[in-house]
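Everything on this sheet refers to the single structure shown next.
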2 protein chains.
Amino acid sequence: MIRRYSREISIGDIKVGGNAPITVQSMLNTKTTDVEGSLQQIADLKNAGCDLIRLAVPDEKSAEAFKVIADRCGLPLIADVHYSYKLAELAVKAGAKKLRMNPGNMATDGEHIKNLVAILNDYNVPVRIGVNGGSLDKQFKGMSEDDALVASALSTADTFEKFGFSNIIVAIKASNVLTMIESNRKLAKVCDYPLHLGVTEAGTLKSGLIKSSIGIGTLLEEGIGDTIRVSLSAPVVEEVYAGKAILRALGLRNSGVEVVSCPTCARTEIDVQGLAEEVERLTAHVTKPLKISVMGCPLNGIGEGEGSDLGIAGGKEKSVLLKNGEIYKTVPSEILMQEFMALLEQFI
Amino acid sequence: MIRRYSREISIGDIKVGGNAPITVQSMLNTKTTDVEGSLQQIADLKNAGCDLIRLAVPDEKSAEAFKVIADRCGLPLIADVHYSYKLAELAVKAGAKKLRMNPGNMATDGEHIKNLVAILNDYNVPVRIGVNGGSLDKQFKGMSEDDALVASALSTADTFEKFGFSNIIVAIKASNVLTMIESNRKLAKVCDYPLHLGVTEAGTLKSGLIKSSIGIGTLLEEGIGDTIRVSLSAPVVEEVYAGKAILRALGLRNSGVEVVSCPTCARTEIDVQGLAEEVERLTAHVTKPLKISVMGCPLNGIGEGEGSDLGIAGGKEKSVLLKNGEIYKTVPSEILMQEFMALLEQFI
C-alpha cells in the first residue's frame with residue numbers, strides 16, 4: 001500500500017504523520033482528579049504498548065490534576081477539552097502536549113481561535129480538531145453526514161490557518177462504519193493534515209473490535225491514517241491490544257507474537273483454542289516479531305507452519321513442532337507445551 | 001457500494017451470488033461421526049442465525065453419519081472433503097448440497113474432475129473450489145502468493161468448465177490478511193463466480209475478530225464477496241455472531257439490535273460497559289432492526305441518541321431515555337433499566 005502524504009506533527013517527542021510509524025492511542029476512563037488512579041492506568045496502558053494517552057479535562061480541578069499527572073508520568077499527554085476555551089488554555093499550561101477540541105461544542109469564531117493559537121504557539125502544542133457524528137456542529141446539518149463531518153473539520157482548520165497555525169491533526173469519527181470510512185476518504189483527498197482514525201461509540205468488546213477493525217482497517221489498507229484509537233466499552237488496555245493487532249494484521253507494525261490458529265473441525269485432535277490461548281499467554285512478554293501457528297491437525301498444520309517462525313501441528317498422541325517453516329521434532333502430545341516452550345526459549 | 005456481479009448458485013434452497021443476500025457460514029467442530037453432538041451444534045448455529053453449515057467428511061464412516069445428519073437436520077449442508085474423490089462422491093450421495101474441495105490436496109487432472117462432474121450434475125450440487133495459503137498446490141509455488149492462489153483456483157475452475165460444469169463458488173483464504181485481500185481483488189476481476197470470503201486460521205477470539213473483520217470487511221466494502229465465514233478458535237456460534245455483525249456494520253444485513261456504546265472517560269457517571277452488555281443480553285431475541293445507544297454522559301449521549309431508535313444517556317442520579325432520536329423521559333438512574341425495558345417492550 002502507498003501511504004497518503006501528510007505533514008509531520010510532534011506531540012512532545014512522538015511524531016504523527018509524515019513517515020512516522022502509525023501510533024496507537026487510548027483514553028483514560030479514570031476521573032482525572034483521581035491522580036493515583038490515573039497514573040496507574042497510564043502505567044498499565046504504557047505496559048500494553050500504548051503510544052499516546054488522552055485525558056479529559058472537564059473542569060479546573062481536572063486541569064490542576066492534569067499538571068500533576070503530566071509531571072509525574074513521563075509521557076506526552078493529550079488533553080480532551082469541550083465547551084470551554086478557558087479550560088483549553090489551562091490544559092495547555094498544565095503541560096498537555098496536544099489539545100483535542102471538538103468544533104461541535106466549541107465556538108469556532110475567529111476571536112476565540114486567535115487567542116488559542118497564541119497559547120498553542122507559546123507552548124508548541126498541536127491541536128486535534130476532532131469532529132464526531134454524535135456532536136456535529138449544527139450549522140452543517142443540512143448536508144449529507146459525510147460531507148457535514150468533512151466541512152465541519154475543514155472549516156475549523158481554515159480558521160486556525162487564517163491565524164498562521166497549521167500544527168493540526170484532524171479526526172472524523174462516527175459510530176456508523178460506512179460514514180466513518182467515506183468521510184475520511186473525502187477528508188484525506190483535500191488536506192495534508194495527519195489523520196487520527198476511530199469508530200466512535202463502537203460498542204462492547206466483540207462488536208467494538210469488529211466495527212473498529214473494519215473502519216480503521218479499511219482506511220489503513222488504502223494508506224489513510226496516521227494514528228488510531230480503538231474505542232471500546234471494555235478495559236482500556238483492550239483498546240491498545242486491538243490497535244496493535246490491527247496494525248500488525250496490515251503489516252504496519254512488526255513486533256510481538258502473532259498466533260495463527262485454526263478454527264478446528266472434525267479433523268481436530270487437540271484443544272486448539274486452549275493451546276492457542278496458552279501460547280498467547282506464555283509469549284505475551286516477547287517483543288521480537290514472531291509468527292507462531294497452532295493447528296489442530298497435520299492437514300493445514302504442516303503447510304501453515306511453513307509460513308511461521310514456530311509451529312505446532314497437534315495430534316492425539318504425537319504432535320509436530322515446526323521451526324523456521326520446517327519440521328523440527330515429533331513429540332508425545334502430553335509434553336507438547338514443555339517441548340514448545342523449550343524451543344521458544346532457544347529461538348528468542 | 002456497488003456489488004460485484006456474480007452468477008447465482010443454489011445450495012439447496014439457499015442462493016449465493018447474484019442479488020442474493022450475503023450469507024453467513026460456519027463449520028462444525030464436532031466429529032461428524034458424533035451424530036447427536038453434530039445435530040446439537042447445527043441447532044445452536046441455526047439459532048444463532050447461521051445460513052450455511054459445513055461438516056468435514058474425512059472418512060467413509062463420516063460420510064454415513066453425514067447422511068443421517070443431513071436427513072434429520074432439515075438444512076442444506078456442505079461437505080468438506082480432502083484428498084479423496086471417492087469421499088467426495090460418497091458425500092454428494094449422502095446428501096451434501098455443496099461440496100468443498102481443495103485443489104491443494106486433490107489431484108486436479110481431467111479424469112478425476114470429469115467423473116466428479118457427472119455426480120455433481122446428477123445431484124445438482126455445486127462445488128466450492130477452496131484454496132488456502134496453508135495447502136497451496138505445489139505447482140504454483142514459484143509465483144507470488146497472491147498470484148499463486150488465484151492461479152490455483154482458476155486452473156481448477158477451468159478444468160471443471162472444460163467438462164461443461166460452471167456451478168462453482170470460489171474461495172481464496174490465507175492467514176495473512178493482506179494476501180487474502182489482494183488475491184480476492186485479483187480473483188474478483190477475472191471471473192464471475194460467487195466468492196466465499198474468509199481469513200483462515202485467524203486465531204483466538206479477539207485477534208480472530210480483528211483479522212477477519214479487516215479482511216472480510218475491506219472486500220465487502222468494495223462490493224466483493226457473496227458468502228462469508230469468520231474462522232475463530234472459539235465456540236462456533238461466535239463465528240456466526242461475528243459474521244452477522246460484520247454484515248450489519250457495513251449495512252449489508254439489517255436485522256437485530258446494534259448497540260452503540262461509548263468507551264467511557266472521566267466524564268462518565270455510570271457503568272457503561274455493564275449497561276451496554278446488559279442491553280445486548282436483554283435484546284438478543286429481538287429480530288427487528290434496532291439501533292440502541294448506551295452513553296455514559298449527556299455530552300455525546302444526546303447527540304448519539306439522535307441517530308438511534310432508542311437511547312440511554314446515563315447520569316449519576318438522573319438518566320435520559322431517548323426514543324426515535326428525541327428525549328423521551330428523564331428517570332432516576334436506579335430504575336433506568338426497568339424504564340428502558342418498558343420502553344423497549346412498547347417499541348417492538
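So that the names make sense, note that chain A is the first sequence line, chain B the second, and so on, each numbered from 1.
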(message) Tell me which of these, D59(A), V259(A), L232(A), V272(A), has more heavy-atom pairs under 4.5 Å with chain B than the rest.
(response) L232(A)
(message) Counting C-beta onward and ignoring hydrogens, is there a side-chain heavy-atom pair between L178(B) and M1(A) closer than 4.5 Å?
(response) yes
(request) Against chain A, work out which of A242(B), S213(B), G217(B), S212(B) has the most heavy-atom pairs shorter than 4.5 Å and name it. (result) S213(B)
(request) Using a strict cut-off of less than 4.0 Å between a Lys/Arg side-chain nitrogen and an Asp/Glu carboxylate oxygen, indicate whether K206(A) and E280(B) qualify as a salt bridge. (result) no
(request) Find out whether K291(B) and S175(A) are in side-chain contact, i.e. whether some heavy atom of one side chain is under 4.5 Å from a heavy atom of the other. (result) yes
(message) Can a side-chain donor-acceptor contact be found between S261(B) and S233(A) if the only test is distance below 3.5 angstrom?
(response) yes
(request) Under 4.5 Å heavy-atom distance to chain A, tell me which part of I246(B) shows up: side chain, backbone, both or neither. (result) both
(request) Identify which part of R54(B) has an atom lying under 4.5 Å from any heavy atom of chain A, answering side chain, backbone, both or neither. (result) neither
(request) Go through G104(B), A234(B), G251(B), P235(B) and name the one with the most non-hydrogen pairs under 4.5 angstrom from chain A. (result) A234(B)
(request) Name the option with the most non-hydrogen atom pairs under 4.5 Å to chain A; the candidates are V294(B), T218(B), L205(B), T33(B). (result) T218(B)
(request) With rounding to the nearest 0.5 Å, note down the distance linking CD1 in I214(B) to CD1 in I216(A). (result) 9.0 Å
(request) Decide yes or no for K211(A) and L250(B): does some side-chain heavy atom of the first lie under 4.5 Å from some side-chain heavy atom of the second? (result) no
(request) Grab the two heavy atoms, one from I210(B) and one from A245(A), that are nearest each other, plus how far apart they are. (result) CD1-CB, 3.7 Å
(message) With a 4.5 angstrom heavy-atom cut-off, is it the side chain or the backbone of I181(B) that approaches chain A, or both, or neither?
(response) side chain
(request) Hey, could you give me each pair passing salt bridge (charged side-chain N to carboxylate O under 4.0 Å, His left out) that has a residue in residues 174-185 of chain B? Not counting sequence neighbours. (result) E221(A)-R185(B), E182(B)-R185(B), R185(B)-E222(B)
(request) Name the region of T204(B), side chain, backbone, both or neither, that has any atom closer than 4.5 Å to a heavy atom of chain A. (result) both
(message) Please classify the contact between E145(A) and chain B as side chain, backbone, both or neither, with a heavy-atom cut-off of under 4.5 Å.
(response) neither
(request) Measure distances from A276(A) to the heavy atoms of chain B and classify the residue's part below 4.5 Å as side chain, backbone, both or neither. (result) both
